[in-house]
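Shown next, in structure tokens, is the structure this report addresses.
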Protein chains: 2
Amino acid sequence: MNTETQATQLAFRALADETRREILKQLSEQEMTIGELVEQFDMTRAAVKKHLIILEQGRLISVKKQGRERINRIEPSTFGVVFDWLAYFDHYWETRLQGLKQVVEAAEAEKKT
Amino acid sequence: MNTETQATQLAFRALADETRREILKQLSEQEMTIGELVEQFDMTRAAVKKHLIILEQGRLISVKKQGRERINRIEPSTFGVVFDWLAYFDHYWETRLQGLKQVVEAAEAEKKT
DNA sequence: CTAATATGATACCTTTTGGTATTATTTAAT
DNA sequence: ATTAAATAATACCAAAAGGTATCATATTAG
């Protein structure tokens, strides 16, 4: 079997932790440095950094270097792989989730222009 | 913080493993016993059983006892908690994923009548 | 009643995960 | 040039995950 992409696995893995999901919510409000993120959580900088690495591996965030700071921002287009996987179950809900991955990625592409 | 429900955590945790996601796909085609599922995977019955337990804890499947067999079936309404979480990011895509959770759960409710 | 079958449960092992504490590196300010 | 600030990296630890092998239990068939 094993027909699934590595991207899908890394994305779902990244979403599996509550702290990481909360980080994504924070970053969806505003881009932030690690330092700023650490203030929001009751754990060490190193712990937050590990979560950011896993989010990066799942391509759910990206990092922009700016002077001595690293700005973490959400990468919403990658959510498409999640929708894509969920779309497999479309026939249960009779929705047209099928094309939503493309919708999501197209919307993101437009914002970058 | 920690505003998230336990149901959300258990669902995302259950979705984090590729074998479990594959089990869900199999079960979406057809209800199956553990024995039938084991044939589809290259691992022991005990391993598959553990995955089923985690899927059950995430309420993504349910089990129907039938004689000496246990029929595992998908519980599509629970996918709603996933959509619900993803809907938080709606503003990125300008989609109306927001109400999709209700759509999904309503569709399921109808099937049961 | 006794097999055989389908499943459940438990003990055990290795790897991954989520966390800390500590040390190192890069960049900005004085 | 030194110091301070922001971040990165590494070693270490406990707990959870994912797997196996083995034993126990329930249900159907002869």
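In what follows, every chain begins at residue 1, and chains take the letters A, B, ... in the order their sequences are listed.
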Inter- and intrachain pairs under salt bridge (charged side-chain N to carboxylate O under 4.0 Å, His left out), touching residues 28-43 of chain A, at least two apart = E31(A)-K64(A)
Excluding sequence neighbours, so at least two apart, what forms side-chain hydrogen bond (donor to acceptor under 3.5 Å, both in side chains) with R70(B)?
-> none
Who are the side-chain hydrogen bond (donor to acceptor under 3.5 Å, both in side chains) partners of T8(B), not counting sequence neighbours?
-> T5(B)
Contacts of type salt bridge (charged side-chain N to carboxylate O under 4.0 Å, His left out), residue R13(B), not counting sequence neighbours = none
How are the rings of Y92(B) and F89(B) set relative to one another: parallel (under 30°), tilted (30 to 60°) or perpendicular (over 60°)?
-> parallel
Minimal non-hydrogen separation, L55(B) against I23(B), with atom names | CD1-CG2, 3.7 Å
Which residues share a side-chain contact (heavy atoms from CB on, under 4.5 Å) with S62(B), sequence neighbours left out | R73(B), E75(B)
Whole Å only: how far is the CZ atom of R70(B) from the C1' atom of dT5(C)?
-> 14 Å
Of all of residues 30-37 of chain B, which get a heavy atom below 4.0 angstrom from DNA chain C, listed by number?
-> T33(B), I34(B), G35(B)
Nucleotide dA17(D), atom P - distance to CD of E18(B) in whole Å | 18 Å
Atom pairs, protein N/O to nucleotides 19-22 of chain D N/O, distance under 3.5 Å:
residue, atom, partner, partner atom, Å
dG19(D), OP2, H51(B), NE2, 2.3
dG19(D), N7, K50(B), NZ, 3.1
dG19(D), O6, K50(B), NZ, 2.2
dT20(D), OP2, T44(B), N, 2.9
dT20(D), OP2, T44(B), OG1, 2.7

Give the rounded distance in Å between these two atoms: NZ of K49(B) and C1' of dT25(D).
-> 13 Å
Write down the distance between CG (L52(A)) and P (dA8(D)), rounded to a whole number of angstrom.
-> 8 Å
Protein-nucleotide distance (L10(A), atom CG; dT16(C), atom C1'), rounded to Å = 14 Å
Any donor-acceptor pair under 3.5 Å from T33(A) side chain to E69(A) backbone | no
When the rotation axes relating C1' atoms of four end pairs to the next four are compared across the helix from dA4(C)-dT27(D) to dT30(C)-dA1(D), five pairs an end, they differ to 10° by 20°
Write down the atom of L60(B), the atom of A14(B), and the distance for their closest heavy-atom approach.
-> CD1-CB, 3.7 Å
Let me know the distance between CZ of F41(A) and P of dG18(C), rounded to the nearest Å.
-> 14 Å
Tell me, please, which residues at least two apart from R20(A) pass salt bridge (charged side-chain N to carboxylate O under 4.0 Å, His left out).
-> none
Only counting residues at least two apart or in another chain, list the ones meeting side-chain contact (heavy atoms from CB on, under 4.5 Å) with R45(B).
-> I34(B), V38(B)
Over 60° means perpendicular and under 30° means parallel, so classify the ring planes of F12(B) and W85(B), tilted if in between.
-> perpendicular
Residue pairs passing the ring pair (Phe, Tyr, Trp, His ring centres under 6.0 Å) test where at least one lies in residues 42-64 of chain A, sequence neighbours excluded = none
R13(A) CZ to dA17(D) P, straight-line distance once rounded to whole Å = 14 Å
Can you pull every protein N or O that's under 3.5 Å from an N or O on nucleotides 23-30 of chain C?
residue, atom, partner, partner atom, Å
dT27(C), OP1, K65(A), NZ, 3.2

What's the CD1-P distance between I53(B) and dT10(C), to the nearest Å?
-> 10 Å
